[in-house]
Amino acid sequence: MDKEKSLSQIRNIGFVAHIDAGKTTVTERSLFYAGRIYKIGEVHEGTAVTDWMHQEKERGITITSAATSCNWKGHQINIIDTPGHIDFTVEVERSLKVLDGAVVIFCGVSGVEPQSETVWRQAEKYHVPRICFVNKMDREGADFFAVISEMREKFQIPTVALQVPIYQDDQFQGVVDLIEEKALYYQGEFGQDLVKKEIPEDLKKISAEKKEMIIEKIAELDDLFMNKVIEGEKIEKEEIMSAIREKVIENKLVCVFCGSALKNKGIQQLLDGVCSYLPSPTEVKPVSGKDLSSQEERAIEANPNGSFCALCFKIVTDPFVGKLFYVRIYSGSVDSSSVIYNITQKNKEKITKIVKMHANKQEIIKTAQAGDIVCFVGLKDTMTGDTLGVKDDAIMIENIKFPEPVVSLAIEPKTKADQEKLFGALKKLADEDPSFKVTYNRETGQNVISGMGQLHLAIMVDRLLREFKVKAKVGKPQVSYKETISKKVQATGKFIQQRGGQGQYGHVEVIMTPSGEGAGISFENKIKSGVIPKEFITPVKEGVYEAAESGVLGGYPVVDLKVILIDGSYHDVDSSELSFKIAGELAFKEGLRKARSILLEPIMDLEIITPVEYLSQVIGDLNSRRAKINLVKEKKNLRTVSVEIPLSESFDYADNLRNLTQGRASYTIEPSYYQKVPEELLAKILGI
């Protein structure tokens, strides 16, 4: 098979969804029907191939995105099964960055849930073409067309059903394929035998209506198709499929399949849909990067014969081979003894092995090329988000932006012997997961780990104790507060020390101004030539950034302000890099004090689904937690309550909600934004 032909038959896809919509079960069935595995594992039994971590097996949830692949009708499908829990949203983010298409999975009963909307927005951000699968059609209350209606309402994109579910005595039996105009039934112990029949009499009318809707929707998006409809020309099924494919790839249309992965129904048609409607690496808009020689944006064509260019999107520590570097190759090819260039870090890296992953199992391969998702072994200094390529044709792909952690806890080694082990293990975990941060609190002398939520940190601590065999004392989860300023100030930093011989002298003047939310800390040099020697500017910047790690209120990180260096002075003999670094720190701290810096707390988006009889208790409890109620929606005998709530008020919410509703309500929570802490709570938080 030539390279061009093989590229057109590759599909790099991800399964994404709200937690518990059935992503891992869909992945498991896909691998089984494609002949990649010969025994079906189950999530609830801890035997699913892609849920291989101890923590995943015990909790029955996906924690880390797992890569695998299978062959289906002449196509190679590279699959990434992603987590649904918001604490592990970084896994979805980095997966969607490197994928060409996605299958968004919905529950037939619950429909579009909060995390469904989050993953949809993430896919929109990276312009990833999508098809959808409405799962759990065997459940009581499942409603395929109600879910599609909700998708249209919430996502504002043309959506068409390609199937109609078939029920007999309230039991889900199969689907009507609207393109083929046939009824499909799944027989055999694992639904592996597909039987085609005529459409049942009672479904002929609705099937004809839904088929007409497909044609109408395409005609709205395609003038040539519209002309054929107006002229009354017969439209062949190949034309319909081709038009759907074109519009899906352009992100102008979403087509929807249905089934029940657990009951082994509908997965084969979903795999057909992946091959028929999602793009190959050559059909998506090429990823672009900055050409470092011209400093201009340049498209990276998916060409196996072009210059090698790839993105490292994930790092995993393997107990046997060391670090595995997950890489998406966009252009060129590479073999298992290649020396490549890390464009981000500006150094050479040597590949010692290339492997294809099947969850946590490795298959050694000799070469990899454009369109492949593989793991490199042997790299030393590469980090998540780094661009790998060749020095003579260096293109830098935009790095992946990760969310800031909102929950922290202190962790200490139990003995001195554990200290080195703890530091080493924490560094490995931080390398793997960019949303997991490790800092040292100078005020308390403690190591502090921060993550996206309590579950995220619980998993990390469990891995430290079990996987890395570290004995440690762990504190209680705390809110990750931030500090910032709300007005412009000018501040001075002067460091003068004289102890006989050469002294120290550094003097800077800075202006500090608030910047937008999420802007972090920025530094600008506006000093006139010669006021401070050029070699002392970088140390000032380093001093500012170091000081920003710990503010003046409670030692919390400082965010969202700009520091402008405007003046200063130096001494011919006594000035040094160290003196100007300390002067930068002093100026920054003085600026915070002069501006009367404010404390920010994380606000979470919380959505509760509760039976109507518990609504008043739920709302009463939310009001006592400083929650702002934005919306209450009716859905049959349930109510969906959308609120914004401070993270500090939500730590015990799971137990509380369970008690209030006798365990019948559920909720999801995700970080939203930071806002100023009310004055009346400031003293309590700071312990003053």
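From a predicted model like this one, the values you see are computed outputs, not experimental measurements. Worth knowing before you read on, the calculation uses all heavy atoms, side chains too, and leaves out hydrogens, waters and symmetry mates. Residue numbers start at 1 and run along the sequence shown.
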Checklist entry - Quick one: CG on Leu99 to CG on Asn12, what's the gap to the nearest 0.5 Å? => result 6.5 Å
Item to check | Verdict with supporting geometry, Phe32 and Phe190, ring-ring contact (aromatic ring centres under 6.0 Å, His included) | outcome: CA-CA 9 Å; Phe32 175 75; Phe190 300 110; 5.5 Å; yes
Checklist entry - Any donor-acceptor pair under 3.5 Å linking the side chain of His456 with the backbone of Gln454? => result no
Checklist entry - What heavy-atom pair brings Ser8 and Ser280 nearest, and what distance separates the two atoms? => result O-CB, 3.5 Å
Checklist entry - Can you tell me how far CG of Leu657 sits from OG1 of Thr610, rounded to the nearest 0.5 angstrom? => result 6.5 Å
Next on the checklist: Tell me whether Glu220 is salt-bridged to Lys252, with the criterion being a basic N under 4.0 Å from an acidic carboxylate O.
Outcome noted: no
Item to check | Aromatic ring pairing Tyr326/Phe313, orientation class (parallel under 30°, perpendicular over 60°, tilted between) | outcome: perpendicular
Checklist entry - Just by distance, do the side chain of Asp138 and the backbone of Ser260 share a donor-acceptor pair under 3.5 Å? => result no
Item to check | Side-chain ion pair, Asp100 and Arg11, N-O less than 4.0 Å | outcome: no
Item to check | Closest contact, heavy atoms only, Ala34 versus Asn71 | outcome: CB-O, 3.4 Å
Checklist entry - Can a donor-acceptor pair be found between the side chains of Ser116 and His18 at a distance below 3.5 Å? => result no
Checklist entry - Is atom CG of Asp202 surrounded by more than 12 heavy atoms (other residues, nucleotides or ligands) closer than 6.0 Å? => result yes
Checklist entry - Roughly how far, to the nearest 0.5 Å, is OG1 of Thr25 from CZ of Phe15? => result 11.0 Å
Item to check | Exceeds 12 heavy-atom contacts within 6.0 angstrom, atom CZ of Arg139 | outcome: no
Checklist entry - Does any N or O in the side chain of Thr159 come within less than 3.5 Å of the main-chain N or O of Ile157, such that one atom is a donor and the other an acceptor? => result yes
Item to check | Polar side chain donor-acceptor pair, Tyr186 to Gln269, under 3.5 angstrom | outcome: yes
Checklist outcome for this item: Between Gln173 and Tyr185, the two heavy atoms sitting closest are O-CD2, 4.0 Å
Item to check | side-chain contact (heavy atoms from CB on, under 4.5 Å) between Val407 and Leu457, intermediate numbers included | outcome: CA-CA 8 Å; Val407 182; Leu457 290 184; 3.8 Å; yes
Next on the checklist: Test salt bridge (charged side-chain N to carboxylate O under 4.0 Å, His left out) on Arg94 and Asp433; report intermediate values, then the result.
Outcome noted: CA-CA 10 Å; Arg94 60 180 166 193; Asp433 184 347; 5.2 Å; no
Checklist entry - Can you find a pair of side-chain heavy atoms, one from Ile214 and one from Ile244, that are under 4.5 Å apart? => result yes
Item to check | Distance-minimising heavy-atom pair for Val109 and Ala142 | outcome: CG2-N, 3.8 Å
Item to check | side chain to side chain donor-acceptor pair (under 3.5 Å) assessment of Thr317 paired with Glu432 | outcome: CA-CA 7 Å; Thr317 302; Glu432 285 186 20; 3.1 Å; yes
Checklist entry - If only atom types and distance count, is the side chain of Gln156 paired as donor or acceptor with the main-chain N or O of Glu153 below 3.5 Å? => result yes
Checklist entry - Out of curiosity, Asp372 CG to Lys356 NZ, how far, rounded to the nearest 0.5 Å? => result 5.5 Å
Next on the checklist: Heavy-atom count check: over 12 atoms from other residues, nucleotides or ligands less than 6.0 Å from Lys263 NZ?
Outcome noted: no
Item to check | Heavy-atom donor-acceptor pair, Glu239 side chain to Glu236 backbone, under 3.5 Å | outcome: yes
Checklist entry - Checking salt bridge (charged side-chain N to carboxylate O under 4.0 Å, His left out) for the pair Glu467/Lys428: CA distance, chi angles, key distance, verdict? => result CA-CA 12 Å; Glu467 195 178 311; Lys428 284 177 181 175; over 6 Å; no
Checklist entry - Charged N to carboxylate O under 4.0 angstrom, Glu124 versus Arg130? => result yes
Next on the checklist: Quick one: does any side-chain atom of Arg639 pair with a main-chain N or O of Ile609 as donor and acceptor, under 3.5 Å?
Outcome noted: no
Checklist entry - What's the verdict on ring-ring contact (aromatic ring centres under 6.0 Å, His included) for Phe172 and Tyr167, showing C-alpha distance, side-chain angles and the deciding distance? => result CA-CA 5 Å; Phe172 179 59; Tyr167 288 92; 5.6 Å; yes
Item to check | Glu238, CD atom: more than 12 neighbouring heavy atoms under 6.0 Å | outcome: yes
Item to check | Point-to-point distance, once rounded to the nearest 0.5 Å, from CG of Asp20 to NZ of Lys136 | outcome: 4.0 Å
Next on the checklist: Once side-chain hydrogen bond (donor to acceptor under 3.5 Å, both in side chains) is applied, do any residues pair with Gln122, and if so which ones, sequence neighbours excluded?
Outcome noted: Thr89, Glu93
Checklist entry - Got a second to check how far Leu262's CG is from Lys265's NZ, nearest 0.5 Å? => result 10.0 Å
Checklist entry - What heavy-atom pair brings Ser207 and Val164 nearest, and what distance separates the two atoms? => result OG-CG2, 4.2 Å
Item to check | Non-hydrogen atoms of Asp605 and Ser672 that approach each other most closely | outcome: OD2-OG, 3.4 Å
Next on the checklist: Checking Glu250 against Lys285 for the salt bridge (charged side-chain N to carboxylate O under 4.0 Å, His left out) test, could you report, in this order, the C-alpha distance in whole Å, the side-chain angles of both residues, the deciding distance, and whether it holds?
Outcome noted: CA-CA 9 Å; Glu250 290 174 358; Lys285 184 183 176 185; over 6 Å; no
Checklist entry - Name the one of Glu189, Gln192, Arg29 that satisfies side chain to side chain donor-acceptor pair (under 3.5 Å) with Asn264? => result Arg29
Next on the checklist: Tell me whether Ser650 contacts the main-chain N or O of Tyr653 through its side chain, where contact means a donor paired with an acceptor under 3.5 Å.
Outcome noted: no
Item to check | Trace of the salt bridge (charged side-chain N to carboxylate O under 4.0 Å, His left out) decision for Lys237 with Glu181 | outcome: CA-CA 10 Å; Lys237 72 171 188 179; Glu181 297 185 353; over 6 Å; no
Item to check | Audit row: Asp621, Asn656, side-chain contact (heavy atoms from CB on, under 4.5 Å) steps and yes/no | outcome: CA-CA 9 Å; Asp621 178 63; Asn656 219 59; 2.9 Å; yes
Next on the checklist: Looking at Ile364, I want to see if its CD1 is surrounded by more than 12 non-hydrogen atoms of other residues, nucleotides or ligands under 6.0 Å.
Outcome noted: no
